[in-house]
Amino acid sequence: MRYAPRIFALTAILFALPLAAQPVRLVKNGSIKCNIVAERQSEEIAVAADILQRYLSESFGGAVKVGDRVKKGSIVLSQDGKLPEDAFSLRTEGGAIRISGNGKGVVYGACDFLEHEIGMDYWGGGEYDLPRHRTLVVEPSRTEVPTFSHRQCNSYFMMLGDSLYRWWYRFEGQDELFVDNLWVHTCNALLPASRYGEEHPEYYAWYGGERHPGSASQWCLSNPEVLEIVIGRVDSLFRAHPERRMISISQNDGSDTYCRCPECQKIIDEEGSLSGPVIRFVNAVAERFPDREISTLAYLFTVEPPKVTKPRSNVSIMLCDIDCRRQTSLEENPSGQAFMKALRGWSEISDNIFLWDYGINFDNYLSPFPNFQTIKDNILIFRRHNVKMHFAQINPSRGGDFAEMRPYLESKLMWNADASLDSLERHFAEGYYGAAAPFILRYIHTLEGAAVGTDVDLFIYDSPVSYKANILRPELRRRYDAMFDDAEAAVANDPVRLARVRRTRLPLQYSALEIARTEKDRDPEAVEALLELFEERIREADVRELNERHNSPLEYIAMYRDRYMKADTDNLASGCPVTYVLPPHKRYAALAETALTDGLYGGAGYVENWVGWEGEDAEFIIDLGEIKSVSSISVDFLRQIGAWVLEPRGVHFWTSTDGQHYRNYDFKGLPECRDGKIEFRLVTASRETDARYIRIRVDGTNTCPEWHYGVGNPCWFFIDEVVVK
């Protein structure tokens, strides 16, 4: 059956009650002594019974029956409303085992019984280890209450619909909690621009001298008509979904798009924070629905709490630490200081905080991300500051950096923040990787030590190239590879664990490819061999995504051969000087001296080899050194909409033989593209002519359009190479 979970509220910490333990025999010499009894029926008890029956029967080598008679050896399932929500209790009584829980707690108790009394480990996706018992006596006695009332992540096992995984890891999804799945960035869902934008632009944010109605726009939160429309919409949604208790009224994605009209600005000034208008607005909605919860984001421009208005008790603050670095805890690294100030501020005025934590490289899932030690550090910080619910956005992709181990650690620490991280790492590694575990653990700890020792800036939107001088420098990568060679050798005769080790090694191989493309002296044959091995392993592991923009690794491999492996030996512009008429952003001034003609193509991130312009056009001249026969001119652009990097509107090309008089060569217009994938666009103009100077002007999009969540703000475009044939 499918295990369809429901959400309930729950509370605080793990503890154990001193219950008198009595040994209970479940199986003796292959003879099954136990059965499963439901004290009374509920959806959760049915799920718990089904899970227990399936895996106990497999472990004992015979059918464990579900019945209605309690006897010695019975496992009795019951609901206990005296326990905190989601908590469970395991105890022996009269020769039977009682697993009781409040709400879903009875299922969590059943899974805990399988894990700690039977010795089962469930890794996900149907992968599990289950000992076979011919004789087994147990005496469980414990009660557990989770650290956080809502525990959520986006492991790919959950994305694949592995329903047992949710129960086993005690994870919950936003679809179980929020009405109509409205949980973040809900402006357009509640006040559709397609319906209201044209007729009522005053409902939307004012800045830059105008209103900005659109699907990605923020609201004018001081407008009373907006409040009444939203209240009506919320009322209809709660009536349609009476089983749900929470809805999100939260800003759209993007920064610097808030309303600055006189009334909104007055509130901002009074509150001393950009979150002021938001809290006043959601408080007004929450007052109309006192028996429901209204969630809102404290994110980007609203991360700082207001100075005057406190959130109502039924307002949930979803606080996001998106801008913080990850190499050390939030209290230890400089980037976390502003967030910690915000967290302390919110915890002083609210005990209803939902913490959204980010724990992977979203631009490159297949990039080493050594942050295991910070997981526990940060969870302890969250607990100290009134955080009740926790979402770890850590990796929805198979093949990503420790995509199986990372959610395991998160789940255990979300449930019990005081658990030993080292013990959890060791248990998972020994179970999942077998004889390869010592080498995998050595790799983890060496990489983490390098990150702390070099004070690397571990960012969630980055490239492995950023780390080639520190945690991924050649001498360290050589050691990492040696550790994985040993790991593979240790499980060479164990196909299942060998496949796991190879999948875990993919981020190192991907990093080697990314770094190689930035080096002029790379060995083409060695890179091709690495690319072939990477492709083989990607296919073997069935890895489908490289990043949150859903770029395919197989597409990446094909692009790598076409973009990075071919040598532009006939590029007339190679190494030629560039003079800027309209220069790039000052951040790229130094790089701009060589990057457009150095023969190196940039990658999916704009952190290396790209030259960028923000909100402006570009114009530059390339001097070929002497008059040459020209047949084509190409300019290479990056599109990464999520980072506000849009393709330009068009490219003008001119040529000259003397640098004074220029003739029109061509113009290429570019159609608007809203595709979220990270892609490269080579714009080429072709015509035979003689020229020494190539003049290029790029008409940027300059301002984010209404459909983009940076609407009304400057956008970027990036160039990395000009090729003249």
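Keep in mind the model is a prediction, meaning the values are calculated, not measured. Note: hydrogens, waters and symmetry copies are ignored here, and every other heavy atom, side chains too, is used.
- The aromatic rings of His200 and Tyr203 lie parallel to each other, their planes meeting at an angle below 30°, with 60° marking the opposite boundary.
- For the ring-ring contact (aromatic ring centres under 6.0 Å, His included) test with Tyr165, the passing option among Phe157, Tyr408, Trp123 is Phe157; the others fail.
- If you take CD on Glu555 and CD on Glu679, they are separated by 7.5 Å, rounding to the nearest 0.5 Å.
- The residues Arg245 and Glu293 are annotated as salt-bridged, a charged nitrogen and a carboxylate oxygen being separated by less than 4.0 angstrom.
- Interatomic distance, OH of Tyr204 versus OG1 of Thr257, reported as 13.5 Å (0.5 Å rounding).
- Partner of Phe391 under the ring-ring contact (aromatic ring centres under 6.0 Å, His included) criterion, out of Phe354, Trp183, Phe148, Phe382: Trp183 alone.
- Judged by distance alone, with hydrogens and angles left aside, the side-chain atoms of Asn386 form a donor-acceptor pair with the main-chain N or O of Ser347 at under 3.5 Å.
- Looking at every heavy atom in both residues, Ile379 comes nearest to Ala417 through CG2-CB, 3.6 Å.
- A tilted orientation is assigned to the rings of Trp716 and His585, their planes being inclined by 30° to 60°.
- If you take CD1 on Ile268 and NZ on Lys266, they are separated by 13.0 Å, rounding to the nearest 0.5 Å.
- Ring centroids of Tyr510 and Tyr556 are separated by less than 6.0 Å, placing the two rings close together.
- Neither side chain, Tyr365 nor Glu545, offers a donor N or O lying under 3.5 Å from an acceptor on the other.
- In this structure, Arg260 satisfies the cation-pi test against Tyr258, with its NZ or CZ atom closer than 6.0 Å to the six-membered ring centre and inside 45 degrees of the ring normal.
- Between Glu614 and Arg587, none of the side-chain N atoms (NZ, or NE/NH1/NH2) sits under 4.0 Å from a carboxylate O, so this pair counts as no salt bridge.
- Side-chain atoms of Asp253 and Tyr299 include a donor-acceptor pair closer than 3.5 Å.
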